[in-house]
Structure formats: structure tokens, C-alpha cells
Peer 1: 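Please read through the structure below; I'll follow up with questions.
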Amino acid sequence: MKEQLRACILKGIEGCFADGTLTSGAVPAISVEKPAHAEHGDFATNVAMQMAKAERKSPKAIADIIVKKLAGSSDLIESLEVAGPGFINFFIKDSAWRRVLNAIDTAGDEYGKSTAGAGKKVQVEFVSANPTGPLHIGHGRGAATGDAVASLLTAAGFNVQREYYINDAGNQMNTLGLSGLLRYKELLGEQIDFPENCYQGDYIKDIARDAIAKHGDRFLKAPQEEGVAFFAKMGGDLILRGIDDDLKDFGISFDNWFSEQSLFDEGKVPSAIKEMQEKGHIYEQEGALWFRTTAFGDDKDRVVVRSNGVTTYFASDIAYHRDKYARGFDWVIDVWGADHHGYVPRLKAVVQGLGRKADDLGIILVQLVALLRDGAPVAMSTRSGEFVTLKEVVDEVGRDAARFFFLMRRSDSQLDFDLELAKRQSADNPVYYVQYAHARIKSIFDTARERGVQPDFENVKLELLESADDMSLIKKLSLYPETLESAALNFEPHRITYFLQDLAGEFHSFYNKSRVITEEPELTNARLFLLHCTAVVLKNALTVLGISAPERM
RNA sequence: GGGCGGGUAGCUCAGUUGGAUAGAGUACUGGCCUCCGAAGCCAGGGGUCAUGGGUUCGAAUCCCAUCUCGCCCA
């Protein structure tokens with residue numbers, strides 16, 4: 001609707017240039033907005049104000065000229081007026097609004113999708129937790145956000161791949177191996193001293209038990225290195241499988257799992273370093289190799305290879321991101337916990353060092369989650385092993401509520417997740433409020449069927465939808481495509497949760513004021529059509545967030 | 001000490017990328033089921049948009065400084 005109006009305004013202004021009523025010949029970018037107040041119309045534009053300087057006329061005078069030209073020029077416009085300091089307000093014809101319903105019905109599941117992405121290859125990398133322990137609630141927010149952003153981008157016409165990066169090459173794997181070996185010895189009756197920096201959680205004991213079942217006590221006498229290596233490998237694999245299971249229960253599956261170790265096995269780390277050296281981004285100082293990230297705005301240079309010859313995580317990250325672009329992704333998006341924000345400048349530097357634009361790497365920082373139970377904080381500490389896992393949360397509140405809550409706030413603000421609220425089946429729980437709207441519509445269709453009403457969507461008399469409540473519901477539905485697109489391009493899934501709450505509210509309000517199943521068959525049919533379209537949009541918006549749209553609850 | 005993110009109604013948060021009289025949920029108060037799902041709706045009160053300056057026709061939004069909370073780095 002906005003786009004149609006924009007085209008219409010552009011044509012009008014060009015018409016003014018053609019007949020000389022306006023003279024500058026320069027058309028600014030036309031912004032069409034939805035005014036905050038209904039009496040200012042359905043849409044408003046400020047072009048007249050933007051053109052004031054070039055035209056050497058007052059905004060009002062220009063607006064008058066444009067309004068005169070536009071009057072009666074389009075079947076979209078019911079009326080238009082000049083208001084305030086030079087706004088042009090547009091009132092759209094009801095008949096034009098109603099055509100939105102046909103678009104929704106025709107497109108169905110596809111309604112809201114766009115081709116803005118033009119098939120461009122995008123990779124979204126998210127979660128990427130170390131395989132040293134189960135996913136906790138913070139990973140859950142990253143998982144929900146990454147998955148939703150990937151779905152949003154798909155809906156916006158991008159060709160999206162979901163990837164999980166496994167940090168299986170660093171020192172933490174040795175720590176995992178040692179933790180497993182010590183618990184193993186302990187279970188077999190040895191006195192051990194369990195260091196504080198080892199992983200404390202009970203899952204380590206499960207790994208040790210598993211090893212005993214399969215391999216008996218053979219690592220008791222084997223050299224320490226052999227035991228550590230065994231438990232690192234075995235524990236890592238087991239934990240990774242558990243992570244995959246937890247994510248699947250959360251409705252997330254990755255297209256690709258990428259191992260850090262594979263970068264070393266395939267020689268990609270040295271070759272990446274070599275390329276950067278050749279391009280002059282890496283220099284040697286005091287026996288270490290440094291990446292000149294300051295050349296791209298970082299506040300200091302970063303070590304790639306230490307003087308003892310050991311590569312840093314940063315070296316892996318260089319090789320990894322180089323590999324992503326080599327695999328043909330035009331746009332690479334990383335979803336990180338906000339505590340990693342310090343890495344943003346150096347990774348942006350790497351991307352530019354590779355000869356790409358800084359914007360070819362998008363980074364979404366997801367802030368912390370505070371878990372509450374009836375308003376009181378739930379203690380969490382990774383070190384002690386007493387953290388709340390994603391699995392526990394999903395088991396307790398359900399997948400839909402967990403996803404909705406994780407996506408309810410902007411990523412860069414901290415999130416309070418109240419377990420009791422998420423479980424509650426009442427109006428103050430936004431998930432149920434939204435899902436209830438969908439179930440309620442389905443229930444109305446059931447009732448219609450019981451009463452022998454046969455919906456006939458081939459022959460709907462749209463003009464019967466004329467009440468203020470009909471129209472405001474239709475107008476809300478029409479906002480979905482632009483909401484979806486801006487949510488996608490800005491990595492802001494929370495816009496969809498807000499839209500859903502708005503739309504559900506609009507529907508519930510409509511329902512309380514307007515009878516759907518009436519004595520007049522044609523009106524009943526038209527209103528059923530309106531509800532059918534509402535259900536389509538509710539379902540599409542829920543689906544893109546990975547949340548179900550139940551028929552009954 | 002430097003950097004990143006935040007500060008909007010009692011509480012939790014939106015705010016369409018600079019637009020007109022700043023919104024929602026929740027809580028509070030009062031109403032609405034003989035009727036398609038009351039898991040719902042309607043009405044009301046509630047604000048120095050942290051503070052001070054600047055940019056312009058116009059600022060919660062952009063710039064500078066200060067205060068404050070969280071995190072990262074030394």
C-alpha cells in the first residue's frame with residue numbers, strides 16, 4: 001500500500017515539473033509514514049518540506065501544488081489535505097484497503113515474503129557453544145535469535161545457511177579430557193584431587209560412567225596423555241550430540257556443523273596467515289606474528305601466532321571467516337553473546353583485510369538473560385556447574401513459550417525471563433494471548449460449520465466489510481509485509497513479537513464488538529473471510545519465529 | 001583509565017531510522033457473558049523521554065559533555 005502511494009506521489013511531482021508548477025526538477029527520496037494520529041490520515045509525506053529549499057517556496061505552497069496535481073489522480077486516494085507545517089495527509093479508500101485481503105488469501109503461506117534479498121547467499125552462524133558442557137539459557141537466547149533471523153532473511157528472499165562452529169581445537173578440550181579422566185579414576189576408587197578449573201558439572205561423571213561401561217579400567221594404567229586425549233574426544237562427541245538433541249527439541253537444526261580442528265587438519269590456518277602476510281596485514285615483532293587490525297579501526301594490533309609458535313583463537317577466526325567467503329557467501333552473519341563485543345573491531349578488520357567491505361560481516365550481539373521465578377532471580381553460575389540448562393527451561397515452559405520469550409526484547413537489551421509467567425496460561429502471558437487468537441478463529445469456523453454455514457471465499461462481497469472495526473483489522477493485516485522485511489534487514493525478530501501482540505489485540509477487540517456468524521449469509525461470509533485472512537497472517541508470523549499456531553488449546 | 005550496550009509511566013519494555021498531541025503490556029480503579037472460546041473486551045488515572053548544552057522548520061531519535069547501571073579490555 002505504501003509503495004503504491006509512493007509511486008503515485010512520485011508521478012504527481014513529475015507531473016508538476018512537466019507543467020512548470022514546480023521547477024527544481026529534483027525529487028527527494030519520498031518518505032511515506034503512518035501518522036501517529038488517525039485524524040492525520042492513513043499516510044503522510046513530508047516531501048513538500050524537503051523540497052522547500054530547492055524550490056525557494058514555503059513548504060505549504062509546494063504542498064498545495066502537489067495536492068492539486070494528485071487530487072483525483074488515483075483510485076487509492078479518498079481525500080488528501082495539507083496540514084501542519086507542510087505535511088500532506090492521505091486518506092485511502094476503503095475499497096483499496098480491502099484488496100489487501102485478496103492478496104493475503106491468494107498468497108497464503110507466502111504472504112509477507114519478499115524478494116528483497118534477490119537470492120543472495122547468506123550464512124548465519126549461531127550458538128557455536130564449546131562442546132565442553134550442555135547449552136545454558138544464554139545459549140538459548142542466541143539460538144532463538146539466530147534461528148529467527150535466518151528464517152526472516154529466508155522470508156526476505158535470501159538464500160540462507162545455518163551453521164554451528166565447533167571450538168574443538170583449543171586448550172579447553174584438554175581440560176575437558178582431564179576432567180573426564182579424573183572423574184573416571186574417582187569412580188574406579190582412586191583418591192583424586194579435582195582442580196577448580198576443571199568442569200564441575202555432573203555430566204562429566206556421566207561421561208566417566210559411560211567410559212567405564214565401554215572400556216572398563218584400561219585408562220587407569222594408561223599414560224595420562226592417552227587418557228586425556230581419549231576423554232577429550234569421547235566427551236566432546238557426547239556433549240555435542242547432547243547439544244544437537246537439545247537444539248532439535250527446541251526446533252532448531254543446522255545445515256552445517258563446522259569444526260575448528262578441521263581448519264588445522266586441512267592446513268587452512270597457515271594458508272590464511274600466509275595470505276594476510278602477503279597482503280601486508282601481518283608483521284613480526286618480538287618473535288610473535290601480529291595482525292595490524294589498527295589499520296581498520298581496532299584500538300590495538302592482535303597476536304596471531306605467539307612467540308612459542310602456538311596460534312591464537314584469533315588465527316582460527318581469520319581462517320574460518322576466510323573460508324566462509326571462499327564457500328561463496330556474500331554476506332556472513334555471526335550471532336554472539338554480548339560479552340564478546342570486544343572482538344567486533346578485530347573481526348571487522350579481518351574481513352576488510354580479506355578485501356571485503358566491513359558490512360559483509362554482520363554481527364548480532366545478544367545480551368544476557370536473567371532467569372526469574374515469580375520475579376525472584378534464579379542463581380546461575382557456570383563455574384560451579386549449577387547453571388540452568390536450555391533443556392530444563394524448554395522442558396518446563398515448552399518450546400513455544402521459550403522461543404517467544406527469548407525473542408520478546410531487542411537483542412541488545414538484557415532480558416528478564418520469568419519461568420512462572422512463561423508457563424501461565426492466561427492473558428498476562430503474551431504467548432498464550434497470541435496463540436489464543438489463532439485458536440479462537442479456528443473455533444469460530446468450527447461453530448460456523450456446526451450451524452451449517454459453508455464459507456464461500458470465491459464469492460466474497462468485500463464491500464460489506466465497512467465498519468470501523470473491520471477496517472482497522474484490515475489495516476493491521478496490511479502492515480505485515482513491511483514489518484517482516486524491516487525485521488529481517490535489521491536483524492530484529494522482536495518486531496514480529498510486537499506485531500503479533502498488536503494483531504492479536506486488534507482481533508480480540510474486533511471479536512468482542514462484531515458478530516461474525518450473523519443472520520445475513522453474505523455478511524457472515526465476508527467476516528469469515530476476514531478471519532481466515534487474520535489466521536493466515538497470525539500463522540505466518542508465528543511460523544517465521546519457530547512458534548506453532550495451534551488450532552485448539 | 002579506555003571501549004561497547006543501556007537509562008522512556010510504579011514495574012517490564014516498544015517507539016516505523018529526524019516528524020504533528022510519546023505508546024503497549026502489567027499493576028491499580030470501574031464496567032461487559034441469556035449471545036460465535038471471559039485464556040477475552042471497554043473506560044480511567046499515571047511522563048522533566050537520566051541531566052545540561054548544540055545542530056534545524058522540527059529531537060526520545062543526530063553531535064558534545066556529565067551522571068548512572070551492566071559487560072569487555074588493561
Peer 1: Between Asn540(A) (side chain only) and Tyr111(A) (backbone N and O only), is there a donor and an acceptor less than 3.5 Å apart?
Peer 2: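 Between the backbone of Tyr111(A) and the side chain of Asn540(A) there is a qualifying donor-acceptor contact (under 3.5 Å).
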Peer 1: Does rU66(B) sit syn or anti, given that only angles within 90° of 0 count as syn?
Peer 2: anti
Peer 1: Would you mind reading off the distance between Arg410(A) atom CZ and rC4(B) atom C1', rounded to a whole angstrom?
Peer 2: 14 Å
Peer 1: Before you tell me yes or no, could you show the steps for Leu531(A) and Phe445(A) under side chain to side chain contact (heavy atoms under 4.5 Å, CB included), namely the whole-Å CA-CA distance, both residues' side-chain angles and the distance that decides it to 0.1 Å?
Peer 2: CA-CA 9 Å; Leu531(A) 291 204; Phe445(A) 273 88; 4.2 Å; yes
Peer 1: Kindly indicate whether the side chain of Asp418(A) and the base of rU12(B) share any N or O donor-acceptor pair separated by less than 3.5 Å?
Peer 2: no
Peer 1: Remember a base hit wins even if backbone is also touched, and classify Ala437(A) as base, sugar-phosphate or nothing at under 4.0 Å, heavy atoms.
Peer 2: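 Contact class for Ala437(A): none.
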Peer 1: Show the atom names and distances, to 0.1 Å, of all donor-acceptor pairs under 3.5 Å that link a side chain in residues 520-527 of chain A to residues at least two apart or in another chain.
Peer 2:
unit_1, atom_1, unit_2, atom_2, d
Glu522(A), OE2, Lys461(A), NZ, 3.1
Thr524(A), OG1, Thr518(A), N, 3.0
Thr524(A), OG1, Thr518(A), O, 3.3
Thr524(A), OG1, Thr518(A), OG1, 2.8
Thr524(A), OG1, Glu520(A), O, 3.0
Asn525(A), OD1, Asp456(A), N, 2.8
Asn525(A), ND2, Asp456(A), O, 2.8
Asn525(A), ND2, Asn459(A), O, 3.3
Arg527(A), NE, Asp470(A), OD1, 3.4
Arg527(A), NH1, Arg515(A), O, 2.9
Arg527(A), NH2, Asp470(A), OD2, 3.4

Peer 1: Kindly indicate, with the supporting measurements, whether the criterion side chain to side chain contact (heavy atoms under 4.5 Å, CB included) is fulfilled by Leu484(A) and Val544(A).
Peer 2: CA-CA 9 Å; Leu484(A) 182 63; Val544(A) 82; 4.3 Å; yes
Peer 1: Name the residue from Phe314(A), Tyr165(A), Tyr313(A) that meets the ring-ring contact (aromatic ring centres under 6.0 Å, His included) definition with Tyr320(A).
Peer 2: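 Of the listed residues Phe314(A), Tyr165(A), Tyr313(A), the ring-ring contact (aromatic ring centres under 6.0 Å, His included) partner of Tyr320(A) is Tyr165(A).
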Peer 1: Go through residues 538-553 of chain A and report each residue with a non-hydrogen atom lying under 4.0 Å from RNA chain B, sorted by number.
Peer 2: Arg552(A), Met553(A)
Peer 1: Based on the glycosidic angle (syn within 90° of 0, else anti), state the conformation of rC63(B).
Peer 2: anti
Peer 1: Which nucleotide wins on minimum distance to the side chain of Tyr432(A), given the candidates rU17(B), rC13(B), rA39(B)?
Peer 2: rA39(B)
Peer 1: Select base, sugar-phosphate, or nothing to describe what Ala83(A) touches, counting heavy atoms under 4.0 Å on all strands.
Peer 2: base
Peer 1: Which atom names give the shortest non-hydrogen contact between Lys2(A) and Glu482(A), and what distance separates them?
Peer 2: NZ-OE2, 3.0 Å
Peer 1: NA contact type, Asn89(A), heavy-atom cut-off 4.0 Å: base, sugar-phosphate, or nothing?
Peer 2: base
Peer 1: Can you tell me if Phe87(A) is stacked onto the base of rA20(B), using a 5.5 Å centroid cut-off and an angle below 30°?
Peer 2: yes
Peer 1: Answer yes when Lys423(A) and Glu396(A) have at least one side-chain N-carboxylate O distance shorter than 4.0 Å, and no when they do not.
Peer 2: yes
Peer 1: Reading RNA chain B 5' to 3', what string of ( ), [ ], | and . shows its pairs, if Watson-Crick and G-U wobble pairs count only when both distances fall under 3.5 Å?
Peer 2: (((((((..((((.....[...)))).(((((.......))))).....(((((..]....)))))))))))).
Peer 1: For nucleotides 28-35 of chain B, give me one character per nucleotide, 5' to 3': B if any protein heavy atom sits under 4.0 Å from the base, S if the only such contacts are to the sugar-phosphate, - if neither.
Peer 2: -------B
Peer 1: Using the side-chain contact (heavy atoms from CB on, under 4.5 Å) criterion, which residues pair with Val305(A)? Sequence neighbours excluded.
Peer 2: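 Once residues adjacent in sequence are excluded, the partners of Val305(A) under the side-chain contact (heavy atoms from CB on, under 4.5 Å) criterion are Ile273(A), Leu289(A), Thr311(A).
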Peer 1: Is the Tyr283(A) ring parallel, tilted or perpendicular to the Trp290(A) ring (thresholds 30°, 60°)?
Peer 2: parallel
Peer 1: Should the heavy atoms of other residues, nucleotides or ligands under 6.0 Å from CD of Glu519(A) be counted, would the total exceed 12?
Peer 2: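 Atom CD in Glu519(A) is not packed in, count stays at 12 or less.
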Peer 1: Any side-chain to backbone donor/acceptor pair from Arg6(A) onto Ile30(A)? Under 3.5 Å, distance only.
Peer 2: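 Judged by distance alone, yes, a pair lies under 3.5 Å.
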Peer 1: Quick test of your reading of the model: are Lys442(A) and Asp446(A) salt-bridged, counting only N-O distances below 4.0 Å?
Peer 2: no
Peer 1: Mind listing the N/O atom pairs, protein and nucleotides 68-74 of chain B, below 3.5 Å?
Peer 2:
unit_1, atom_1, unit_2, atom_2, d
rG70(B), O2', Gln414(A), NE2, 3.1

Peer 1: So if I take every side-chain heavy atom of Arg409(A) and compare against rC36(B), rU12(B), rA20(B), which nucleotide ends up nearest?
Peer 2: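 Among rC36(B), rU12(B), rA20(B), the one nearest the side chain of Arg409(A) is rU12(B).
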Peer 1: Any idea which of rA20(B), rG19(B), rG15(B) is nearest the Asn46(A) side chain?
Peer 2: rG19(B)
Peer 1: Between Lys348(A) and Leu361(A) (side chain of the first, backbone of the second, donor and acceptor by atom type, cut-off under 3.5 Å), is there such a pair?
Peer 2: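 Yes, Lys348(A) side chain to Leu361(A) backbone: donor-acceptor pair under 3.5 Å.
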